[in-house]
Amino acid sequence: MKSRLTAALVAIGALAQGDQARITGTVVDSSGALIPGAAIKVTNQKTGAAREATANDTAAFFITGLSPSVYSMAVSSPGLSTAQFKEIN
C-alpha cells in the first residue's frame, strides 16, 4: 500500500516583492515524516510554464522568481502517491 504524500506549504503565492512570487514548503508523508529528495513541479495554470525543484535534506523546497499567477503543484517521491494541489495563488 502506498502512503499518501503531503506538502505542508509554508508560504504560497504572490508575496509582495515587486512583480515576483514564490512557493515554499516542507514535504511530509501522511504520518508527518519528512521526505527529503521529493520532486516538486509547479505549473502556471494560465501559461503552462513549469518549474521544478527537489526537497533538500530537511525536506524543504523553495521555488522563487515566479510571475504572480495561479499555479498547480505536483509533489512526488518513489513509493508514495503523488500529491496534487491546484489554485495556488
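Position 1 is the first residue of the sequence; numbering continues from there.
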Nearest heavy-atom neighbours spanning [X] and [Y]:
X: Ala59; Y: Pro36; answer: CB-N, 3.9 Å
X: Gly65; Y: Gln20; answer: CA-OE1, 3.7 Å
X: Phe62; Y: Ala53; answer: O-CB, 4.4 Å

Original post:
Which residues pass the side-chain hydrogen bond (donor to acceptor under 3.5 Å, both in side chains) test with Gln45, sequence neighbours left out?
Top reply: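 side-chain hydrogen bond (donor to acceptor under 3.5 Å, both in side chains) list for Gln45, sorted by chain: Glu87.
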**OP:** Check the pair Ile40, Met73 against side chain to side chain contact (heavy atoms under 4.5 Å, CB included), reporting the backbone distance first and the verdict last.
**Re:** CA-CA 7 Å; Ile40 298 95; Met73 181 172 68; 3.7 Å; yes
Measure the [atom1]-[atom2] distance between [X] and [Y] for me, rounded to the nearest 0.5 Å.
X: Ile35; Y: Ser76; atom1: CD1; atom2: OG; answer: 11.5 Å
X: Thr24; Y: Phe61; atom1: OG1; atom2: CZ; answer: 6.5 Å
X: Ile23; Y: Ile88; atom1: CD1; atom2: CD1; answer: 5.0 Å
X: Lys46; Y: Asn89; atom1: NZ; atom2: CG; answer: 8.5 Å

**OP:** Measure the shortest side-chain to side-chain distance between Thr58 and Thr26 over non-hydrogen atoms and say whether it is less than 4.5 angstrom.
**Re:**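 SC-SC contact between Thr58 and Thr26 ruled out.
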**OP:** Using modelled atom types only, decide if a donor and an acceptor are shared between the side chain of Arg51 and the backbone of Asn44 within a distance under 3.5 Å.
**Re:**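 Judged by distance alone, no pair lies under 3.5 Å.
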